[in-house]
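As a basis for the values below, the full set of heavy atoms in this structure was taken, side chains included, without hydrogen atoms, waters or symmetry mates. Note that the coordinates shown come from a computational prediction; the quantities given were computed from them, not determined experimentally.
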Amino acid sequence: MIKIALLENEHTAKEIIYALGMLLNKHEWLFRCYLKASELAAAQQQEHFDLIILNEKFNNPRAESVFVKPYEDRIIVYVDHGAMEAVHDERHQTFIVRSSQIAWDLFAIADKLFHRLSGKEEYIFSYNKVKVILNINDIYYLSKEDKLVCFHTRRGLFSERASMNEMEKRFAPYGFQRIHASFLVNMHHVFGVEGDMVLLDQQEQLPLSRSNRQRFLGIVERSDY
């Protein structure tokens, strides 16, 4: 289920809910509406939200410290009422829609939204005879060690007997890219490229091979993930 929170005035919130109803008609979703930032701040302590939609006035460092930074995999949509400045988004998970054409703009970014929301699906496997359920967005990257594929995740390190080619095919729909014969990265956690190293947002660096360099740089430049 996709969980959405709205922090907007009543009129705009109604337009957004109507547009989301058309956009998500084939998905299971739940939304909560808030008129005050304090209400949303309190609610998010008790309930997880995958996507939050905020009035442009909350595009500031103080609001970001409450609604964005503590939630690495949260998707943010700001509603521009005419005074919105550009948003610098290294996570590629922040979007802007105009209040004058909410439905049009939401449909325009629908593919990117669903692509990121798909990363909230789960990957299940057995680790040391224990069933492990990983949220795909919690996986930073995969590495190959002998006959094992290691999952480097927010919850720690896990491994599974598998091939990297198999994992590459399995995780391609979720934005994972091969950067080396031994490494597969979740593009949602890529911070940038420096020389022959790929920088991840949790401050790790992974090697970028010559054979993958041109293709990978093209993906980064197009923000095609």
Side-chain angles (χ1 to χ4, degrees), residues 1-3 44-51 64-65 67-76 89-94 112-213 215-220 223-225:
M1 175 182 289
I2 302 172
K3 293 187 177 181
Q44 69 182 4
Q45 301 302 316
Q46 306 297 325
E47 187 170 7
H48 171 78
F49 295 110
D50 302 306
L51 164 67
E64 186 178 83
S65 69
F67 300 123
V68 182
K69 288 186 176 180
Y71 307 93
E72 293 182 10
D73 63 343
R74 174 175 283 180
I75 298 168
I76 309 295
D89 176 29
E90 294 170 341
R91 305 176 316 134
H92 302 282
Q93 294 198 172
T94 301
K112 290 185 176 181
L113 285 178
F114 287 135
H115 182 64
R116 282 151 181 76
L117 288 169
S118 71
K120 299 180 182 300
E121 295 178 19
E122 296 174 335
Y123 179 70
I124 304 172
F125 64 99
S126 179
Y127 176 76
N128 288 340
K129 298 182 180 180
V130 175
K131 182 180 179 181
V132 176
I133 303 175
L134 292 176
N135 183 301
I136 291 176
N137 274 349
D138 286 344
I139 303 172
Y140 300 128
Y141 67 94
L142 281 63
S143 65
K144 181 67 174 176
E145 296 185 19
D146 296 324
K147 295 182 179 180
L148 297 176
V149 170
C150 297
F151 293 75
H152 301 259
T153 80
R154 187 175 283 118
R155 293 172 49 193
L157 182 64
F158 302 90
S159 61
E160 179 183 23
R161 190 181 179 91
S163 73
M164 286 297 281
N165 288 339
E166 177 188 349
M167 292 295 103
E168 183 176 11
K169 292 177 182 178
R170 182 170 295 180
F171 285 96
Y174 304 110
F176 283 67
Q177 293 290 336
R178 193 77 169 264
I179 61 169
H180 187 279
S182 299
F183 294 98
L184 186 66
V185 298
N186 184 343
M187 294 299 294
H188 296 163
H189 293 291
V190 170
F191 180 79
V193 178
E194 189 173 286
D196 59 357
M197 303 298 292
V198 176
L199 312 180
L200 302 187
D201 55 15
Q202 79 279 16
Q203 299 185 334
E204 286 201 57
Q205 300 183 22
L206 302 176
L208 176 61
S209 69
R210 284 188 178 182
S211 60
N212 288 287
R213 182 177 178 81
R215 174 189 56 79
F216 184 77
L217 290 178
I219 293 171
V220 172
S223 297
D224 191 18
Y225 54 91

- Phe216 vs Met187, side chain to side chain contact (heavy atoms under 4.5 Å, CB included): CA-CA, chis, key distance, verdict: CA-CA 10 Å; Phe216 184 77; Met187 294 299 294; 3.3 Å; yes
- Interatomic distance, CE@Met197 vs CG@Leu208, rounded to 0.5 Å, equals 9.0 Å
- Residues passing the side chain to side chain donor-acceptor pair (under 3.5 Å) test with Glu204, sequence neighbours excluded, are Tyr141
- Query: Just by modelled atom types, is the Lys69 backbone N or O under 3.5 Å from a matching donor or acceptor in the Glu64 side chain?
  - Reply: no
- Message: As an exercise, state the distance from CG of Leu206 to CD1 of Ile179, rounded to the nearest 0.5 Å.
- Response: 4.5 Å
Validation: residues 123-134 side-chain donor-acceptor distances under 3.5 Å, sequence neighbours left out:
from	atom 1	to	atom 2	distance (Å)
Tyr123	OH	Glu160	OE1	2.7
Tyr123	OH	Glu160	OE2	3.4
Tyr123	OH	Arg170	NH1	2.8

- Distance (rounded to the nearest 0.5 Å) between Ser163 OG and Leu148 CG: 12.0 Å
- Query: When rounded to the nearest 0.5 angstrom, what is the spacing between CD in Gln93 and CG in Leu113?
  - Reply: 10.0 Å
- Item | Heavy-atom side-chain contact between Val190 and Leu200 under 4.5 Å | yes
- Query: CZ of Phe176 to CD1 of Ile139: how many Å apart, nearest 0.5 Å?
  - Reply: 4.5 Å
- More than 12 heavy atoms from other groups under 6.0 Å of CD on Gln45: yes
- Task: Please report the C-alpha distance between Asn165 and Arg178 in whole Å, then the side-chain angles of each, then the deciding distance to 0.1 Å, and finally whether the side-chain hydrogen bond (donor to acceptor under 3.5 Å, both in side chains) criterion is met.
- Result: CA-CA 9 Å; Asn165 288 339; Arg178 193 77 169 264; 3.3 Å; yes
- Item | Pairs flagged by salt bridge (charged side-chain N to carboxylate O under 4.0 Å, His left out) wherever residues 185-200 is involved - sequence neighbours left out | none
- Task: List for me each residue that meets side chain to side chain donor-acceptor pair (under 3.5 Å) alongside Gln203, sequence neighbours excluded, and say none if there are none.
- Result: none
- Message: Nearest 0.5 angstrom please: Asn186 CG to Ile136 CD1, how far?
- Response: 8.5 Å
- Query: Do the non-hydrogen side-chain atoms of Asn137 and His188 ever get within less than 4.5 Å of each other?
  - Reply: yes
- Note on the structure: With sequence neighbours left out, the residues meeting side chain to side chain donor-acceptor pair (under 3.5 Å) with Ser143 are His152
- Listed by chain and number, what are the side-chain contact (heavy atoms from CB on, under 4.5 Å) partners of Ala162, not counting sequence neighbours? Val149, Glu166, Met167
- Item | Closest heavy-atom pair and its distance - Phe67, Arg74 | O-NH1, 2.9 Å
- Task: Given side chain to side chain contact (heavy atoms under 4.5 Å, CB included), test Phe183 with Val198 step by step and report yes or no.
- Result: CA-CA 11 Å; Phe183 294 98; Val198 176; over 6 Å; no
- Query: Which residues pass the side chain to side chain donor-acceptor pair (under 3.5 Å) test with Ser209, sequence neighbours left out?
  - Reply: Ser211, Asn212
- Applying salt bridge (charged side-chain N to carboxylate O under 4.0 Å, His left out), which residue pairs with at least one partner in residues 139-154 are found, sequence neighbours left out? Glu72-Arg154, Asp138-Arg154
